[in-house]
Number of protein chains: 2
Amino acid sequence: MLHVLKTFRENKEILKGTFGVEREGLRVDLCGNLSETKHPKLFGEKLSNPYITTDFSESQVELITPTFNSLEEVYDFLNSLYNITALELEDEYLWPQSMPCNIPDDENIPIADFSGEKEGEKARDYREKLHKKYGGKKQLISGIHYNFSFNEKIIRHLYDSENTNESYKAFRDNIYLKVVRNYLRYRWFLIYILGGTAVIHESYAKECVKKLQEISTGSFTSEGALSYRNSECGYRNHIDLFPNYSTVNEYVNSIKTFVNDDVIESHKELYSQIRLKARDNNDFLNSLSKDGIDYLEIRSTDINPFDKAGISLEDLKFINIFTIFLLTEEENNYSPWQEEALYNQNIIARFGQQNVMLRNNGDQILKEKWALNILNKIEEINKELNLDHENIIGNVKARVLDPRLTYAYRISEMVKENGYINGHLELAKKYKKEAYKDRFKLYGYEDLELSTQILMKEAIKRGIKVELIDRSENFISLSANNKVEYVKEATKTSKDNYVSVLMMENKVVTKKILKENNINVPRGEEYTSFEEGRRNAREFSGKPIVIKPKSTNFGIGISIFSKGADEEDIIDALKIAFKYDNTVLVEEFIKGKEYRFLVIGDEVVGILHRVPANVLGNGKNTIEELVKIKNQSVLRGKGYKTPLEKIDLDENAKLFLKQKGLKFNYIPKLNEVVYLRENSNISTGGDSIDYTDEIPKRFFDIAIEAAKALKVNICGVDMIIEDYKEENSNYGIIELNFNPAIHIHSYPYKGKERNVAEALLKVLELIK
Amino acid sequence: MLHVLKTFRENKEILKGTFGVEREGLRVDLCGNLSETKHPKLFGEKLSNPYITTDFSESQVELITPTFNSLEEVYDFLNSLYNITALELEDEYLWPQSMPCNIPDDENIPIADFSGEKEGEKARDYREKLHKKYGGKKQLISGIHYNFSFNEKIIRHLYDSENTNESYKAFRDNIYLKVVRNYLRYRWFLIYILGGTAVIHESYAKECVKKLQEISTGSFTSEGALSYRNSECGYRNHIDLFPNYSTVNEYVNSIKTFVNDDVIESHKELYSQIRLKARDNNDFLNSLSKDGIDYLEIRSTDINPFDKAGISLEDLKFINIFTIFLLTEEENNYSPWQEEALYNQNIIARFGQQNVMLRNNGDQILKEKWALNILNKIEEINKELNLDHENIIGNVKARVLDPRLTYAYRISEMVKENGYINGHLELAKKYKKEAYKDRFKLYGYEDLELSTQILMKEAIKRGIKVELIDRSENFISLSANNKVEYVKEATKTSKDNYVSVLMMENKVVTKKILKENNINVPRGEEYTSFEEGRRNAREFSGKPIVIKPKSTNFGIGISIFSKGADEEDIIDALKIAFKYDNTVLVEEFIKGKEYRFLVIGDEVVGILHRVPANVLGNGKNTIEELVKIKNQSVLRGKGYKTPLEKIDLDENAKLFLKQKGLKFNYIPKLNEVVYLRENSNISTGGDSIDYTDEIPKRFFDIAIEAAKALKVNICGVDMIIEDYKEENSNYGIIELNFNPAIHIHSYPYKGKERNVAEALLKVLELIK
């Protein structure tokens, strides 16, 4: 078959299937005990959140990625889900190990609570039955489920290359069934490579623990153990079940027989190492027959405690190429192959760290030899199809040749040193810290504006389905409860009407409307010719005014007369301004500082003041050193991927300092603030400082009134306040911004981080 | 005072006061009888329509302009109001004469009906009292009311130049009172210049008619008559009333005395030739005392039948400079000046065409001598202040020197020739024709987009107050019933949400959403690199496709394979397309013609197909001649001020014809259509053809569904339909346009004119 695959024009396309991962994990308290708290409320309803839910237990989180066409995306998303979840857990951690933490007796293990949810009772009943039948402890075992289907174009290519009378559907089903059978035959290999449950805690099922040796307080294992989760101590059906995998219909019939015989309650209770999945998994058997196999689910994989995501990207990629091996590998007609495969699984799970003897089509074979044999074939696939996976395969080979490189071995070592509970807790703490450091990021979406990433992240947390509609335009859709909202650039939504946006876009109109609503705006006139301005100059003489070209930025052509000027000076200033624009504004000068009020719905969600890039002296370090230190903040980066930008000590800064007689090697005194440029833009290293809790309520009301005057739901109100500490201070609104950045409020340089995204989701009526 | 005015820097500013005009006019049937129909429903409630209402009678329309700072704007608006009204009257005309048409007896004159209106009963009661007291016939006399106040800067300048202890308010009131007194003294002059009621109809008040000579059937006058409206036969108080005009308080006291003595019911019943106006005319006397005089209303002016507006722009401008004369002219302290002024008015009204003897401060003076005396002073003002009104003053002087140039004389001549009724009817017919010719225009707003003009016009008709918010951006506000709607470019409104607009702006997103809603769109793929396109080329081989750069227009870089192409050709086409853009679309080719569906609310308001500039042969004329003929249509103009553009026989057309072996002097055969260019843009002379009544309902539904899918209220849906006659024809939606032009539907080249503006006002909930 490999030669047929080779004929497909773009060999690498074979790696682009459809992938999704589910990862379970227990919530534990600060001491490593199973959490007794409820699943966090913010995650919404368990049965409708497509990303974060619970499995069997209330304390057993399940993270589910959407499907992607690359494993990089899956891995990024899984990491993001981890971060979102970990940061929502107060005084708790996500247990980074498939085998449970310190758990109570069966009767005290909290079954997931679905009260108030649609279909909640059914979900609860099902879990109660399982609890009764298998016990609660085993239900707490967590794992990684790897879902995949091949690139459809490849299957089509194989079909086209074969001269067959079969229907495409039958051909396709047979392809998948072959992969399933081969998976079962070779699963021992994947368990060996990825096994990470070599130790169990004393609180785990007594019948397992009692056979083992204690290698550290409360931590038990046995010589060569590799994956207790995949051993008889793991979660299995009471009887070994061998469905017929020869055709879909035979498979369906087997399941029906198992159910009729009361061995299992439904197809869901068949705990196979790989599962066939249907398009409609709620009507599984019918859909499987009718629509064929939709995708497969590999369930052998233990959580890898050494990766935050629970599985490394390399291992995900290896599974991918491993499934191609399963696809190409010819089958032997040895009939008791399922029994043999189960035997091999058990041997590997219990003694896999040793070079055990396995059985291959009735013959004995050493693990290492067989493993190398498989790897040789995978290497050939890699080479023939130019898949560039040499390194990945090489690393796996190393684990074959030296069992001390297996996760199982490394876990045993860690447990010996730090204990089972503490060793894993340390890892969980480390991951939570990393999550906090990256709290503003949504991995895999770093090309999007930060504001969009933040909104997506908050939506994902709350189980609102997020889709990219036009990635390059930061255009997303958010859906929940059969309701879709489209959002562009985080704050362009259906909640604002078009003409209000156009009014905000036009400063003249904005000011007109605000004025009509008795809201202070800098009074002013607009002149379209110097002559017109000159004629009216006298009216402004003696008054504090600003004269500025209508459209230029960065202070070019602007004259500020904060104490007023005579007619002649005003005329001169007009002359200057008209050099830069055909329209010139003569505006009242309002003393004070400018604040950005972020209004969402009826609320001011945050108030910021922005200051130019600066350093604060400590009497020891030079400006250059202080910048270096300041730039170390995780909030600072390059290219708008972080809430703040790194300060650049560039020519501009040099010139700016020179004007003040300073150089980069100047050592500012303790508490001396040295500004490094004129403008306060965040993009040039400026600081955002949260003032939300400092500003009197009156100004909140004014900002909200301004938004209401223009019938706006989401906007940034730029207000100058003469003295913010003074409730009755003079103020003036400069403009309303219809696409305010949210990240500057979410992650300011100084002050409280404001959950702007939550406010947005509320105004979108996606959450309450 | 003139020398003080001269010291004001910008002399011409004195002409920029605040102006507004009211014009009354009777509705008449096709025979010149007073209409018995109701005031048109579309004009809305009489008491709330600020532009078009009724005066005393149900058949007496009153047109009211807003206030403007130039008389050009007033005149344009008045003309527009005339057009709007005239075109709304079916089988009726607006009577172009102050004195009534053929009217019935008093008891059959319909008093204005205010049923159902707020304050309607009060308005009706008032009119019924007038009817009883003065009779219905006199109430039907119509006129022009000229409202004005001086440029406030000028009054301020006068005040600043005077060394006075007076308050500004008192100073200002005294200025206006002086003008009022002088107006009363010199009103005879304005009546002479503008008088136009030299003839009355036999159906008018018997006591007047019986004294006169019949100069044409049913048309009566007497030697030298000039303005019956301003004579004792006009509308006057029963007793001559002479209020005290020395101060505002004295004036207020006089009115109170008149009312207390039961001479008049309220200030409104004082039929003075000039009226003081208060800021709050509902609380007139109090407001006058408290706020001072707000503006003045000159009421002597007869309708000029020879101008559609009822008064010419020149005459308006003359009144303006006349009021400056009144302002500057010193007063004589002759005490019975009011009696003398009334005497002069009566003489001029009855005998003004002759060189009668008038009285000036007790002395006798010939009309012509006094008039020239006044004109000399006005000429001096014009000269000293550089007002450039020489021509206007010169024309008025000619009327003084030769009474045969007066409107009164010209009307008499017209009546002698065609009769009173027919002569005026002919003029009314002519004006209605002119109105129809200009039906798409809103005079004075020709700088705005035609779509905006059309919307404003419809709003004005219905009494929705229109204001320009930002003229250069076609930004207007529409208010009615305490509700304001802002509209930019006619179709950008509060009724569309922002994100829907952004979705429409993005063709990829639009198509995605439409597809999700099971609406046909050309299927297609987007490629961001040639390599990517090349890899997928085979998928499209053999299918009808279009390959095009994402963003270029005018067909550049586009390849159309309407019958499919092989892989190689597709790759070549991709190569070409990638020369013009980084993103290339490969789209299904849909056969057929493109139609623009204009969706507003739940309705398709119009469907257009656009065809390139063309001529239809008649077997006689050359292409060049046919173009000339076609360009004569009033709908065609230059620079987007008309619904269609004139066809340009330019180089492009020449080249295009050359390709077909044709020249401009080719004579197309009868019914031969010769296209003159490739593109169907209206802007290059293309034709818009209305198909609203041709297209099957299914496509209406599809267009509405498409709009609903994107949650849009106002949009243009561009749909290709293979065969519009076929209900089940294949179709595909190309794009949704969020700022569709409306004028192309309102005034298509062929087919029914659609009232799109009405649909817009409905969706804005400004009308029902």
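Every chain is numbered from 1, with letters handed out A, B, ... down the list of sequences.
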Considering only heavy atoms and a distance below 4.5 Å, find which of Val508(A), Thr493(A), Val509(A), Val487(A) pairs most often with chain B. Thr493(A)
Taking atom [atom1] of [X] as the centre, does the number of heavy atoms from other residues, nucleotides or ligands within less than 6.0 Å exceed 12?
| X | atom1 | result |
| --- | --- | --- |
| Lys515(B) | NZ | no |
| Lys483(B) | NZ | yes |
| Glu531(B) | CD | yes |
| Arg279(B) | CZ | no |
| Asp160(B) | CG | yes |
| Asn582(B) | CG | no |
| Glu568(B) | CD | no |
| Asp566(B) | CG | yes |

Side chains of Lys488(B) and Val501(A): does their closest heavy-atom pair fall under 4.5 Å? no
I'd like to know if Glu467(A) pairs up with Lys512(B) as an ion pair, taking the criterion as any Lys NZ or Arg NE/NH1/NH2 lying under 4.0 Å from an Asp or Glu carboxylate oxygen. no
In terms of heavy-atom proximity below 4.5 Å to chain A, should Glu539(B) be classed as side chain, backbone, both, or neither? side chain
Contact origin within [X] toward chain B - heavy atom pairs under 4.5 Å:
| X | answer |
| --- | --- |
| Ser500(A) | neither |
| Leu468(A) | backbone |
| Tyr486(A) | both |
| Glu516(A) | side chain |

Distance (rounded to the nearest 0.5 Å) between Lys507(B) NZ and Asp470(A) CG: 13.5 Å
Please check this pair: side chain of Lys492(A) against backbone of Leu502(B), looking for a donor-acceptor N/O pair closer than 3.5 Å. no
Give me the atom names and distance for the closest heavy-atom approach of Val484(B) to Lys711(A). O-NZ, 3.7 Å
With chain A, the option among Glu485(B), Arg538(B), Lys495(B) that has the most non-hydrogen atom pairs under 4.5 Å is Arg538(B)
Under 30°, 30 to 60°, or over 60°: which ring-plane class applies to Tyr498(A) and Tyr498(B), parallel, tilted or perpendicular? parallel
